Undergrad: 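Can you keep this structure in mind? I'll have questions shortly.
This one's a predicted model, so the numbers in the text were calculated from it and none came from an experiment.
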Amino acid sequence: QVQLVESGGGLVQAGGSLRLSCAASGSIFSINIMGWYRQAPGKQRELVAGISTGGSTNYVDSVKGRFTISRDNAKNTVFLQMNSLKPEDTAVYYCNANLRLTDWGPSYSYWGQGTQVTVSS
């Protein structure tokens, strides 16, 4: 049973910072890309940031220079450091991992339960 457990969300003032974390556990053979998505009420879910096993990163334009994604491969954990937060960053943030359960098995996407981030003006 694969589980992705998120933490670090909360309420902050504009200009403040939060650090999200997501730990994957279970019978995992390997993890390729890990990332963070977010969804605000009435809006489509969007990819915020992704990171490969080797450390290559990708960000949506609206968070470049403010957010930093990183991972600890030994602990199967991904982080999202969010600085200079804006009210428009308010959303539920979801962790995602693309992984294999066996050596030659297929890859699947797994999701965390989501953590609320609220930025007040």
Undergrad: Any pair with a residue in residues 32-59 that passes ring pair (Phe, Tyr, Trp, His ring centres under 6.0 Å), sequence neighbours left out, goes on the list, sorted by first then second residue, please.
TA: Tyr37-Trp111

Undergrad: Which pairs with one or both residues in residues 31-79 pass disulfide bond (SG atoms under 2.5 Å apart), sequence neighbours excluded?
TA: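 Sorted result for residues 31-79: empty, none.
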
Undergrad: I need the full list of salt bridge (Lys or Arg N to Asp or Glu O under 4.0 Å) pairs touching residues 91-100, with sequence neighbours left out, sorted by first then second residue.
TA: none

Undergrad: Report the residues that fulfil side-chain hydrogen bond (donor to acceptor under 3.5 Å, both in side chains) with Thr118, sequence neighbours left out, ordered by chain and then residue number.
TA: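 Result, side-chain hydrogen bond (donor to acceptor under 3.5 Å, both in side chains) vs Thr118: Gln116.
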
Undergrad: Output yes when a side-chain donor or acceptor of Gln81 lies under 3.5 Å from a complementary backbone atom of Ile69, and no otherwise.
TA: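 Such a contact is absent between Gln81 side chain and Ile69 backbone.
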
Undergrad: Not counting sequence neighbours, which residues clear side-chain hydrogen bond (donor to acceptor under 3.5 Å, both in side chains) with Asp61? List them please.
TA: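 Asp61 satisfies side-chain hydrogen bond (donor to acceptor under 3.5 Å, both in side chains) with Lys64 only.
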
Undergrad: Only pairs at least two apart or in different chains count here, so list each ring pair (Phe, Tyr, Trp, His ring centres under 6.0 Å) that has a residue in residues 81-107.
TA: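 Output for this query is empty, none listed.
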
Undergrad: For Phe67, check ring-ring contact (aromatic ring centres under 6.0 Å, His included) against everything at least two apart and list the hits.
TA: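 ring-ring contact (aromatic ring centres under 6.0 Å, His included) check on Phe67 returns nothing, list empty.
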
Undergrad: Going through the distances and angles, do Val60 and Leu47 end up as a side chain to side chain contact (heavy atoms under 4.5 Å, CB included)?
TA: CA-CA 7 Å; Val60 66; Leu47 174 66; over 6 Å; no

Undergrad: Please table the atom pairs, donor to acceptor, closer than 3.5 Å between any side-chain atom in residues 14-35 and protein atoms at least two apart or in another chain.
TA:
residue	atom	partner	partner atom	Å
Ser17	OG	Asn83	OD1	2.9
Ser21	OG	Ser7	OG	2.8

Undergrad: If Ile, Leu, Val, Met, Phe, Trp and Tyr residues are connected whenever their side-chain heavy atoms lie under 4.5 Å apart, and connections chain through other members, are Leu80 and Leu11 in the same group?
TA: no

Undergrad: Would you mind telling me which of Val63, Val117, Val12, Thr68 makes a side-chain contact (heavy atoms from CB on, under 4.5 Å) with Met82?
TA: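 Looking at Val63, Val117, Val12, Thr68, the match for Met82 under the side-chain contact (heavy atoms from CB on, under 4.5 Å) is Val117.
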
Undergrad: Do you know the tightest heavy-atom contact between Thr90 and Ala40?
TA: O-CB, 3.8 Å

Undergrad: Do Leu99 and Tyr110 make a side-chain contact, defined as non-hydrogen atoms from C-beta onward lying under 4.5 Å apart?
TA: yes

Undergrad: Show which residues join Val5 in its hydrophobic cluster (side-chain heavy-atom contacts under 4.5 Å, direct or indirect), or state none.
TA: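 Its cluster partners, ordered by chain and number, are none at all.
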
Undergrad: Is there side-chain contact between Asn76 and Arg71, with at least one heavy-atom pair below 4.5 Å?
TA: no

Undergrad: Apply salt bridge (charged side-chain N to carboxylate O under 4.0 Å, His left out) to Arg45 and list each qualifying residue two or more places apart in sequence or on a separate chain.
TA: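 None.
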
Undergrad: Roughly how far, to the nearest 0.5 Å, is the OG atom of Ser62 from the NZ atom of Lys86?
TA: 8.0 Å

Undergrad: For Glu46, enumerate each residue passing the salt bridge (charged side-chain N to carboxylate O under 4.0 Å, His left out) test, keeping only those at least two apart in sequence or located in another chain.
TA: Arg38

Undergrad: Return the set of residues passing side-chain hydrogen bond (donor to acceptor under 3.5 Å, both in side chains) with Arg66 (not counting sequence neighbours), or none when no residue passes.
TA: Asp89

